[in-house]
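First the proteins, then the strands, lettered A, B, ... as listed; each starts at 1. What's counted below: heavy atoms across the whole structure, side chains too, no hydrogens, waters or symmetry copies.
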Amino acid sequence: MSENVIEIKNLSFTYPAGVEALKDINLEIKKGEIVAIIGQNGSGKTTLVKHFNGLLQPTSGTVIINGKDAKQSTTAQLSREVGYVFQDPDDQLFMSKVKDEIAFGPKNLKMKKNEVNKRVRDTLKLVKLWKFRNTHPLDLNLDDKKLIAIASIIAMNPHVIILDEPTSGQDHRGILRAESLIKKLSKEHTIIIISHDMDLVSKIAQRVIVMYNSKILMTGTPKEVFIKTSLLAKTHLKPPLITQLSQKTKGMRSDILSIDEFIEELKTKKPHSSKSR
Amino acid sequence: MDIVKFKNYSWKYSETDKYVLKNINLTIQQGEFLGIIGNVGSGRSTLCMSLLGLVPHLFYGKTKGELIVDDIVVKKAKISDLSSRVGLVLQSPDTQLTGAGTNVEEELAFGLENLGVPRREIIKKVDSMLKLLNLEQLRNRSPFELSGGQQQKVAIASVFIMEPKILVLDEPTAQLDPLGTEQVFSFIKKLAKKGTTIILNTQKIDYIAEFADRIAVVNKGRVVKVGETREILTNVELLRRNGISPTVFTKLSEELIKNRLYKGELAMTFGDAVKIMKKVKRK
Amino acid sequence: MTKAILSSYIKKNTFIHKLNPLTKLIFLVAVIITVFAVKSFIYNLIIVLAIIPLAYSAKLLSKVFKPLRYLFIIFIVLYGIQSFLYPEKETILIDFGYGIAIWEEGVLFATIISLRLLAMIVHGYFFVLVTHPGDLVCSLRKIKFPYKFGYIVLSTLQVIPRVASQMETIIDAQKSRGLETKGSIANRLKAYSPLLGPLFLGSVQNVVERTIALESRAFSYETEKTSYRETYVRKKDKIIMASIVVFFTLYGVISWIL
């Protein structure tokens with residue numbers, strides 16, 4: 001029963017200015033799951049995840065984190081369990097050296113000096129940025145800054161890691177790096193990603209939550225979600241390009257998510273024999 | 001006519017030792033749509049900024065070689081000489097709005113006021129720009145209340161209304177959601193049809209494949225290669241060597257060929273791929 | 001989710017709203033000069049109370065006293081200090097013994113200062129409520145105020161809410177990294193010190209980007225600038241401006257004579 005790390009019941013939230021940002025959300029996230037939340041800006045994604053670590057408190061409804069009502073704890077207390085990596089690294093890097101940046105969280109958790117140092121070393125080695133330990137974080141390029149922001153959360157070893165747009169603005173190499181890091185993390189953590197990058201979502205997520213107009217429009221595996229094109233169109237979202245192509249091609253399955261799968265489907269449908277040789 | 005000419009152009013910021021732009025040779029034709037692609041940190045943004053003379057007139061550093069924009073030697077000119085010819089929009093919608101206008105129409109009017117255009121003419125131009133770009137329903141809204149996509153459209157329109165000969169867009173959609181991205185790109189497409197020279201720096205290869213005339217590949221401060229869009233984007237070896245991923249359709253057609261399901265040209269756009277799939281099916 | 005606040009201007013269709021911003025500015029300046037020139041507190045009280053009919057006619061009576069909430073503490077401190085410690089003390093009002101007492105001169109002095117402060121705040125806020133900042137800048141430009149000054153006023157008004165919301169994001173990021181911002185003052189100070197780094201660097205970056213945006217709009221282009229927004233000084237404005245000057249001069253003179 002207590003498999004759920006996050007349980008949301010009838011959550012509604014209205015900003016003080018009167019904007020109703022979440023309407024009657026019900027959601028359960030299981031331990032070890034990789035969940036992606038998609039939707040246009042303003043659909044309520046960020047507002048929703050800010051409830052997972054207590055940055056926002058529900059106007060009505062309940063948020064249960066690891067069996068405990070989130071209302072009972074401050075964000076700082078919840079940070080042991082839920083780590084939240086913001087979208088813009090410039091908003092979350094505040095120390096003058098990379099190693100101090102990574103140590104910031106563990107120190108707040110009152111870890112012993114040895115433990116803090118160990119965490120800093122392990123995490124920086126994990127993201128392969130140990131060589132930058134004495135650099136000013138804001139002197140790094142965007143891709144590396146994004147990794148440092150993630151690393152600063154990893155060092156606190158929270159059970160749940162929330163990543164807001166981990167690939168935005170990055171180049172090909174940066175995206176690949178972020179992808180493989182998330183895969184690695186998912187072995188020991190529950191991962192929640194907010195993203196506009198449908199390729200990333202289709203590759204990584206086990207479950208996709210589509211938000212629209214402050215509500216959850218649908219949830220399902222990437223395959224289940226990306227075949228519902230008309231429902232997606234309502235939110236101005238489109239499946240990954242390769243999926244769109246499979247949907248446009250007659251006689252093809254409409255839930256193909258990768259090039260490999262695409263080729264596989266072609267091969268099994270029509271054995272190779274008919275072609276040359 | 002060549003409207004932009006880089007001749008052995010190099011640039012370094014005064015606080016660093018390495019040159020950010022190295023020995024660039026590039027000419028851009030009037031009215032063409034040039035895409036710039038490359039890695040993070042390849043110098044693409046600096047290239048964009050040099051066109052308005054921000055490099056070397058706003059940032060300090062050292063230039064070598066020559067850059068000529070619309071017959072003006074950038075090194076000797078002032079930014080204000082260039083600003084009536086070159087419009088530049090950066091990625092963050094928030095900072096691309098000047099804050100000089102309390103609503104969208106005033107934001108649009110701001111550049112024209114600075115150029116000293118008579119009020120009557122400004123009114124006419126603002127009206128027709130709002131109509132052309134379907135922004136009429138936003139005219140009395142504060143620019144800061146709009147969505148990112150709308151803000152970026154207003155920022156681009158505010159530059160475009162000044163009728164620059166060259167419009168330089170540096171990652172204009174990097175911070176937008178899919179809807180905003182699509183809106184801004186279709187907006188740019190509309191502007192391109194009006195004959196303005198457009199220089200677009202972006203990571204979004206799928207979009208640039210759809211409408212750039214030519215593409216320049218930039219890596220480590222050098223223009224590695226310039227050519228027709230199709231020539232560049234189907235040159236997978238060139239792209240990979242420079243850390244750029246080909247479009248998913250190029251990669252798919254590569255795999256089709258490898259698996260002997262298809263023979264022929266590599267695909268680049270969605271349209272190409274749809275055509276290829278018809279061939280694959282028929283055999 | 002901070003809404004872009006364009007100063008506090010509230011759009012209404014009243015006689016006062018429709019006046020030229022310069023007319024309203026002259027009134028505000030006259031009020032400020034007068035409250036400092038006038039020494040009798042009755043006369044200052046009248047000026048403070050004059051806000052009631054003005055705000056009523058501008059349909060803003062419920063809004064105009066809003067900033068007083070924040071002033072309350074200042075008044076308490078002011079009375080607290082001056083009643084006990086005013087240097088020219090002669091008359092004891094209440095004696096607590098041990099040399100501690102409330103002095104009449106101190107209370108009077110605090111009252112005069114408070115009334116001046118009150119008049120400036122209430123009338124100043126009223127001015128902001130009834131004047132569109134765009135119109136203000138436009139009419140200032142018409143009397144040859146520097147163009148750049150106008151831009152700074154307008155853009156600052158629009159940019160402040162952005163900085164505030166960025167600050168909120170940074171604090172959120174720090175809380176998410178286990179920083180306790182509740183509790184003792186020391187805790188809070190500790191929480192806010194790392195804020196300055198990203199906020200400062202972030203705003204430097206924003207300034208650079210906005211400078212580029214401005215350059216791209218030919219801000220430094222040297223020519224006679226034109227204006228899209230238009231404001232007019234009408235006959236009624238001229239009449240009112242003249243009346244303001246005459247009235248407040250007389251008011252000042254009378255307060256000295258009587």
Side-chain angles (χ1 to χ4, degrees), chain A residues 38-43 45 87-88 90 139-146 165 167-176 194-199 232 235-238 240-246 248-252 256 258-267 269-270 272 274-277, chain B residues 15-16 37-42 44 91-92 147-150 171 173-183 203 205-206 209 219 239-240 242-263 267 269-274 276-278 280-283:
Chain A
I38 62 175
Q40 298 299 335
N41 292 348
S43 59
K45 294 169 297 180
Q87 177 174 357
D88 187 351
D90 293 349
D139 283 341
L140 301 173
N141 70 29
L142 176 76
D143 288 16
D144 292 335
K145 273 194 282 192
K146 282 216 142 189
E165 294 290 352
T167 57
S168 73
Q170 304 204 51
D171 59 20
H172 182 53
R173 200 181 61 126
I175 293 173
L176 290 183
I194 294 180
S195 186
H196 294 315
D197 181 346
M198 297 303 145
D199 286 325
L232 282 177
T235 77
H236 301 282
L237 289 170
K238 283 177 180 167
L241 287 167
I242 192 80
T243 316
Q244 289 181 42
L245 182 66
S246 79
K248 182 100 185 190
T249 311
K250 272 183 196 155
M252 274 289 240
I256 286 169
S258 70
I259 294 177
D260 290 347
E261 216 181 318
F262 200 102
I263 300 282
E264 209 45 50
E265 164 89 354
L266 280 176
K267 277 180 166 175
K269 258 244 152 93
K270 186 157 50 75
H272 204 180
S274 70
K275 259 212 97 186
S276 59
R277 191 167 16 151
Chain B
E15 63 264 32
T16 55
I37 60 176
N39 272 329
V40 166
S42 59
R44 292 173 299 144
Q91 63 168 280
S92 160
S147 73
Q150 289 170 329
E171 297 269 18
T173 63
Q175 299 190 4
L176 305 182
D177 58 10
L179 178 63
T181 304
E182 197 139 341
Q183 284 174 343
Q203 302 268 9
I205 308 272
D206 307 318
N219 194 5
L239 294 180
R240 293 205 170 107
N242 291 289
I244 301 160
S245 171
T247 72
V248 66
F249 305 117
T250 310
K251 286 192 265 185
L252 175 69
S253 53
E254 262 185 304
E255 286 301 312
L256 288 171
I257 292 169
K258 233 188 251 168
N259 285 283
R260 305 203 182 162
L261 291 164
Y262 161 74
K263 232 191 227 166
T269 61
F270 188 76
D272 296 348
V274 170
I276 285 182
M277 285 320 295
K278 279 180 188 151
V280 172
K281 289 267 124 177
R282 251 180 250 137
K283 287 223 165 154

I want to check something: taking the side chain as every heavy atom from C-beta on, are [X] and [Y] in contact at a cut-off of under 4.5 Å?
X        : Y        : value
B:Leu256 : A:Leu266 : yes
B:Met277 : A:Lys248 : no
B:Gln175 : A:Asn41  : no
B:Leu252 : A:Ile263 : yes

Using heavy-atom distances under 4.5 Å, tell me whether [X] contacts chain A through its side chain, its backbone, both, or neither.
X        : answer
B:Glu182 : side chain
B:Ser147 : neither
B:Ile205 : neither
B:Gln203 : side chain

Determine whether a donor-acceptor pair (N or O, by modelled atom type, separation under 3.5 Å) exists between the side chain of B:Glu255 and the backbone of A:Ile259.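 No: the side chain of B:Glu255 does not pair with the backbone of A:Ile259.
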Rounded distance [0.5 Å steps], [atom1] in [X] versus [atom2] in [Y]:
X        : Y        : atom1 : atom2 : result
B:Asn259 : A:Glu264 : CG    : CD    : 8.5 Å
A:His172 : B:Asn242 : NE2   : CG    : 12.5 Å
A:His196 : B:Leu176 : NE2   : CG    : 8.5 Å

Can you confirm whether B:Arg240 is buried at CZ, in the sense that more than 12 heavy atoms of other residues, nucleotides or ligands lie under 6.0 Å from that atom?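 It does: B:Arg240 CZ has more than 12 such atoms within range.
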Inspect the surroundings of NZ in A:Lys238 and state if more than 12 heavy atoms from other residues, nucleotides or ligands are less than 6.0 Å away.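 12 or below, so no.
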Among A:Asn141, A:Leu241, A:Asp260, residue most engaged with chain B (heavy-atom pairs, under 4.5 Å):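 Among A:Asn141, A:Leu241, A:Asp260, the one with the most close pairs to chain B is A:Leu241.
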Please rank A:Asp199, A:Leu176, A:Asp143 by heavy-atom pairs under 4.5 Å with chain B and give me the top one.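 Highest number of pairs under 4.5 Å: A:Asp143.
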Quick check on A:Gln244 against chain B: is it the side chain, the backbone, both or neither that has a heavy atom closer than 4.5 Å?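 When you check distances to chain B, atoms from both the backbone and side chain of A:Gln244 fall under 4.5 Å.
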Could you pull out all residues at least two apart from A:Asp197 that satisfy salt bridge (charged side-chain N to carboxylate O under 4.0 Å, His left out)?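 Once residues adjacent in sequence are excluded, A:Asp197 has no partner under the salt bridge (charged side-chain N to carboxylate O under 4.0 Å, His left out) criterion.
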Out of A:Ile38, A:Thr235, A:Leu237, which residue meets the side-chain contact (heavy atoms from CB on, under 4.5 Å) rule with B:Pro178?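 Only match with B:Pro178 under side-chain contact (heavy atoms from CB on, under 4.5 Å): A:Leu237.
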Max heavy-atom pair count under 4.5 Å with chain A, selected residue of B:Val248, B:Asn39, B:Thr173: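 When all of B:Val248, B:Asn39, B:Thr173 are compared, B:Asn39 has the most.
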Check the pair A:Thr249, B:Val274 against side chain to side chain contact (heavy atoms under 4.5 Å, CB included), reporting the backbone distance first and the verdict last. CA-CA 7 Å; A:Thr249 311; B:Val274 170; over 6 Å; no
